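Model, not experiment: these values are computed from the prediction.
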Amino acid sequence: MHNLRHLCCHSIFYSHDPRRMRFDSLKNLQTLRSVCSGEWIDRGLSKLTNLRRLALYHKFKESFHPALPDRLSKLVHLNQLSLSGHSTLPALCSFRNHHHLTKLSFIIRLERLQDVEEHPPNLRKLKLRGSELKEDPMPVLEKLENLHILSFDNVYIGQKMWCSARGFPCLEVLILWKMHHLEEWTIEVGALSRLKRLEINDCRNLKMLPEGLQHVTTLGEVELMWMSEEFLNRVQMNTGCDWYKIRHVPRINIEGTDIYVSDKDEDSEGIKPKKNRITTYIR
């Protein structure tokens, strides 16, 4: 066991209390996945100095172990880190010295985002889910110069979002899911200058495509799913008032909202069934 390099703990949840497990003797461990946070964090996490990939899960409502920020600060060889759970994640340690850390995933509520200089300097992929941030995350994240992929799922509970000029200089993929409070999004000229793919899913209160998207000439694909009827009407090919913002995009996929079909499709009780609108434009 001392030479074990990769460990995934899915099945352990069903037979043991993972909070009381010990990993400190596994000095050669490089991957530790699907393990629950607990007392072992204090005793042994900082001893796993060869870890490259770490995925911690907190299945209880209590907070993560208070020693977690300090222990993570010592794992400078990490290249992937995932934290998930049902509680709120407190302020983390600085990752400014984690030069190998390129992928971060936080599937948990966050008190706040770290300051720009506290993020890993070479971060390429960031996934946030269920964060419920009160402040617009874009002014911080757009300054991450090496970020290539950004995925949001129920991340922000504010109504307005702003991407400033020269923000996100390397971002290629932006995914926005379930931003239910978001109503307005603005993209200044020069922002998202390398964006290739944009996906907006179930942002039902977003009134329109962001002003400024028409200047993102690198876009190769836009996908719009489960948006409001009003939003979808605005992006109809050639006739929608927002069509000019995406008419330069080679591939556009629009699907989702329930719409009524024609009268001839009424059932025996005269009720029109609903179907999904699915429209794909490829040029």
Side-chain angles (χ1 to χ4, degrees), residues 103 123-129 136-156 158-259 275-283:
K103 297 181 181 180
L123 186 64
R124 292 176 60 88
K125 182 177 181 179
L126 176 61
K127 178 180 180 180
L128 299 177
R129 180 179 178 184
D136 183 0
M138 295 310 200
V140 171
L141 299 180
E142 68 181 8
K143 295 181 177 65
L144 300 179
E145 297 182 350
N146 294 304
L147 192 63
H148 283 65
I149 301 174
L150 178 60
S151 177
F152 282 173
D153 186 342
N154 187 25
V155 166
Y156 172 47
Q159 296 178 336
K160 296 182 179 182
M161 196 163 68
W162 192 280
C163 294
S164 61
R166 295 184 296 278
F168 294 110
C170 286
L171 196 69
E172 296 181 353
V173 178
L174 177 58
I175 300 172
L176 305 177
W177 279 39
K178 298 181 181 178
M179 307 278 278
H180 291 154
H181 300 272
L182 185 63
E183 296 181 3
E184 299 179 24
W185 178 22
T186 301
I187 299 174
E188 290 187 348
V189 177
L192 299 165
S193 59
R194 295 188 183 181
L195 193 66
K196 296 178 180 179
R197 173 178 169 80
L198 173 63
E199 182 178 326
I200 306 177
N201 186 331
D202 195 13
C203 299
R204 294 296 183 100
N205 286 313
L206 187 61
K207 299 175 181 178
M208 64 184 73
L209 282 171
E211 185 61 40
L213 190 62
Q214 67 270 25
H215 302 299
V216 184
T217 57
T218 55
L219 264 179
E221 183 175 2
V222 170
E223 190 164 299
L224 308 171
M225 300 182 292
W226 300 108
M227 304 298 287
S228 68
E229 183 75 11
E230 178 185 2
F231 181 98
L232 294 179
N233 286 334
R234 296 178 65 97
V235 296
Q236 290 304 295
M237 186 175 184
N238 297 324
T239 60
C241 55
D242 276 355
W243 176 251
Y244 74 96
K245 298 176 182 177
I246 53 174
R247 64 185 177 188
H248 63 287
V249 181
R251 183 182 180 91
I252 302 168
N253 186 47
I254 301 172
E255 59 182 314
T257 192
D258 293 328
I259 59 173
K275 66 178 182 180
N276 292 333
R277 171 185 296 178
I278 302 175
T279 307
T280 301
Y281 305 117
I282 301 176
R283 290 187 291 277

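Remark: side-chain polar atoms of Asp136 are paired, donor with acceptor, to backbone N or O of Trp162 under 3.5 angstrom. Counting only distance, with no hydrogens or angles, the side chain of Thr186 and the backbone of Glu211 share no donor-acceptor pair below 3.5 Å. Judged by distance alone, the side chain of Ser164 and the main-chain N or O of Gly167 form no donor-acceptor pair under 3.5 Å. With hydrogens and angles disregarded, a donor-acceptor distance shorter than 3.5 Å links the side chain of Glu188 to the backbone of Ala165. Checked by atom type and distance alone, the side chain of His248 pairs as donor or acceptor with a backbone atom of Val216 at under 3.5 Å. Judged purely by atom type and a 3.5 angstrom limit, Asp242 uses its side chain to pair as donor or acceptor with the backbone of Leu209. Remark: the backbone N or O of His180 is paired with a side-chain donor or acceptor of Asn205 at under 3.5 angstrom.
Surrounding CZ of Arg124 are at most 12 heavy atoms belonging to other residues, nucleotides or ligands under 6.0 Å away. More than 12 heavy atoms of other residues, nucleotides or ligands sit less than 6.0 Å from atom CZ of Arg234. Counted within 6.0 Å of CD on Glu145, heavy atoms from surrounding residues, nucleotides or ligands total 12 or fewer; the atom is thus considered open.
Lys196 contributes atom NZ, which lies 11.5 Å from atom CG of Leu219 (distance to the nearest 0.5 angstrom). Rounding to the nearest 0.5 Å gives a distance of 11.0 Å between CD1 of Ile246 and CD of Gln214. For the atom pair CH2 (Trp243) and CD1 (Ile252), the distance works out to 3.5 Å, reported to the nearest 0.5 Å. For the atom pair CZ (Phe231) and NZ (Lys207), the distance works out to 13.0 Å, reported to the nearest 0.5 Å. Atom-to-atom distance recorded for Trp177:CH2 and Cys203:SG is 10.5 Å, nearest 0.5 angstrom. Residue Glu199 holds its CD atom at 9.0 Å from CG of Leu224, rounded to the nearest 0.5 Å.
Residue Pro169 comes nearest to Glu142 through the heavy atom pair CD-O, 3.7 Å, listed as atom of the first residue, atom of the second, then distance. The minimum heavy-atom distance between Lys245 and Pro210, with the atom names listed, is CD-O, 3.7 Å. Minimum interatomic distance between Met138 and Cys163 (heavy atoms only, all atoms of both residues): CG-SG, 4.2 Å. Contact between Lys103 and Leu123 at its shortest, heavy atoms only, is N-CD1, 3.9 Å. Heavy atoms only, all atoms of each residue included: Val155 and Met179 are closest at N-SD, 3.9 Å.
Looking at Glu223 and Arg197, their side chains come closer than 4.5 Å, going by heavy atoms from C-beta outward. Annotation: side chain of Leu213 is in contact with side chain of Leu198 (closest heavy-atom distance under 4.5 Å). Using a 4.5 Å heavy-atom cutoff, the side chains of Leu176 and Met161 are in contact.
Among the candidates Leu141, Ile200, Asn201, the single residue satisfying the side chain to side chain contact (heavy atoms under 4.5 Å, CB included) test with Phe152 is Leu141.
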